[in-house]
Amino acid sequence: MPSIKETLINLFKNAIQTSYGLDVDPVIQYANRPEFGDFQANFALGLAKRLQLKPVDIAKEVIAKLTDEAMFKKLESSGPGFINITLADAFLASHLQHMAQDPRLGIEIEAKPRTVVVDYGGANVAKEMHVGHLRSAIIGDAFVRILSFVGHNVIRQNHLGDWGTQFGMLIEYLLDTGWQADKAHAYSDLNALYKQSKQRFDIDEVFAEKARNRVVALQSGDPTSRAIWKQLVDESLHHFQEIYDKLGVLLTENDAAGESFYNDMLQPLTQELEKNGHAQLDDGALVIALDGFVDPNGKPVPFLIRKKDGGFLYATTDLAAMKYRTKNLGATEILYVVDARQKQHFDMLFAAARKAFDLPENVKLEHTAYGAVLGEDHKPLKTRSGESVKLIDLLNEAEKRASEVVLQKHPNLTPEELSDIARSVGIGALKYADLRADKIKDYVFSWEKMLAFEGNTGPYLQNAYVRIYAIFRKGNIDLAKIQHNSITITTPFEHVLAIKLSALPDVVHAVANHLQIHTLCDYLYDLASTFHRFYEHCPVLTDENTKIRDSRILLCALTARTLQLGLNLLGINVLEKM
Ligand code: ARG
């Protein structure tokens, strides 16, 4: 079923067509102030210029065409030529009733599904996953959920850093400190191992030389080197998986297509590009020439894909991955959920790929960049001792702090109840705080703010859901039975809540198309606040009129379902009690 906004767009388009014979976007928007009604149509100013007419006259002409439509309570022209639209309560009520019968709450499946690769996660092997990788996992996962829900074919790809020169020193260091092929090894602290081997590499020239040779051995398939590498990778994957599971992120080991996955493709790819002239030798290195990229001195910067010594780079792997994703996986869209600091790399990668592979124009490549996680001092988040914060510690702390907050409110919970609730609240708060910020901005990490029960936070929204369930318990309401209640709108509070509820499909589709996740967060926050105002002014269980009571109960249920669906699309759980 089309959303109300879509219905308005069609109606106004037709009216304009009838009056002026032109196909014009009627610029329908949700009104941002109650005195403007529910929606505004803002096409008249633009059209007036085109037709050399007065905007007010155009607005009046179109209003006259539409004024008999039963869906409107009021259409009026305002200001220089805007049209304020107020919907009839009966229309709104029947629209919501249809939404209530739909398990998808009126959110339609895309008529033209796209095949979208979402590249997210991207942690590096043998290093502990840190808070920088948290944002990629959380934001990428929300994209995956939203795009899948609206019917796109979504392919998750975790581009792990699991190959490269650092393995030379890691493997050499392990061999040096007594690694044995026939023993099971658990590298409980890969981060420490990385640091120790790096230290050694920096001070010990003999070791450094051996490490460099080890890279060559690894690349040419030496069995011992490969075996150790494989163990390091497996160990890391296991560690990452633990974190994804704890976070409720959908990535699994099946989604892992790390740098090593593309290793065998690099040689043939670079040779092919050299042969077909898309890449050229430049002082011994192989590069793809690009327009529009210059260094600070104005000298053009090409895209480097093979070093002078024959070595390949991060960029080469990304180019191979691009080919694989567009040709083998059939991607028509690729989202790279990666740190904003890699902007230059992706700008160049996209330009190089378009040149090298003749990608059709409609293949969409997007670096969905996100900012850094800052501490409350607005500097990159660090522990007290100045180390970068480990993700696992962060998740544990989220649960611990959430359990303190929840216990204060409900001292009588059993330990099991408490730990379930604390996990959903703590992880939910962490994710929500990340998602509600415009992703491109740096985001300031604050436990107090994210765990507050007031304001635009995860716990506030989870709590709104809990409060609705408390109403149902109090009234002994059987949710299965109220779905077919009819809706009767008698007050402005119900009217405004109904408009908010009916907007969900527009919000979700806009996020699927423009990837501004924070707009879904803002919507849910707005909805919860609108609901609280409604609940303050409109008795639900105690109204004498059973028709009104049933209608209000259904409005409560719809609000709960909308909060639940919206939060789930963000990867956040709801609870019936907390
Ligand atoms: N491993 C990289 C890092 O930690 C992120 C990978 C992002 N994806 C990509 N296709 N380059 O910076």
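Atoms within a ligand are numbered from 1 in the order they appear, just like the ligands themselves.
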Determine whether the aromatic ring centres of Tyr30 and Tyr523 lie less than 6.0 Å apart.
no

Relative to ligand 1, is His345 under 4.0 angstrom through side chain, backbone, both or neither, heavy atoms considered?
neither

Can you tell me if Tyr244 and Asn158 form a side-chain donor-acceptor pair at under 3.5 Å?
yes

For Tyr336, the ligand 1 atoms whose distance to one of its heavy atoms is below 4.0 Å:
10 (N)

Those atoms of ligand 1 less than 4.0 Å from some heavy atom in Val338
7 (C), 8 (N)

Count the heavy atoms belonging to other residues, nucleotides or ligands that lie under 6.0 Å from CD of Gln199, then report whether that count exceeds 12.
no

Can you list the residues that meet the ring pair (Phe, Tyr, Trp, His ring centres under 6.0 Å) rule with Tyr525, with sequence neighbours excluded?
Tyr460

Out of all atoms in ligand 1, which are within 4.0 Å of some heavy atom of Gln342? Include the element for each.
3 (C), 12 (O)

Does a side chain donor of either Tyr314 or Gln342 reach within less than 3.5 Å of an acceptor in the other side chain?
yes

Checking the N or O distance criterion of under 3.5 Å, is ligand 1 in contact with Asp318?
yes

Which atoms of ligand 1 sit under 4.0 Å from any heavy atom of Gly122?
1 (N), 2 (C), 3 (C), 4 (O), 5 (C)

Out of Asn124, Val125, Asp119, indicate the one that has the non-hydrogen atom closest to atom 4 (O) of ligand 1.
Asn124

For ligand 1, is His133 a contact, meaning one of its heavy atoms is under 4.0 Å away?
yes

Are the side chains of Ile107 and Leu565 in contact, using a 4.5 Å heavy-atom criterion?
yes

Does any part of the side chain of Glu404, heavy atoms only, come nearer than 4.5 Å to the side chain of Leu451, both counted from C-beta?
no

By number and element, which atoms of ligand 1 are closer than 4.0 Å to a non-hydrogen atom of Tyr314?
2 (C), 5 (C), 6 (C), 7 (C), 9 (C), 11 (N)

State whether the number of non-hydrogen atoms from other residues, nucleotides or ligands found under 6.0 Å of Lys382 atom NZ is greater than 12.
yes

Could you see which bit of Asp339 sits under 4.0 Å from ligand 1, with heavy atoms only: side chain, backbone, both or neither?
neither

Heavy-atom pairs closer than 4.0 Å: do any link ligand 1 to the side chain of Phe346, the backbone, both, or neither?
side chain

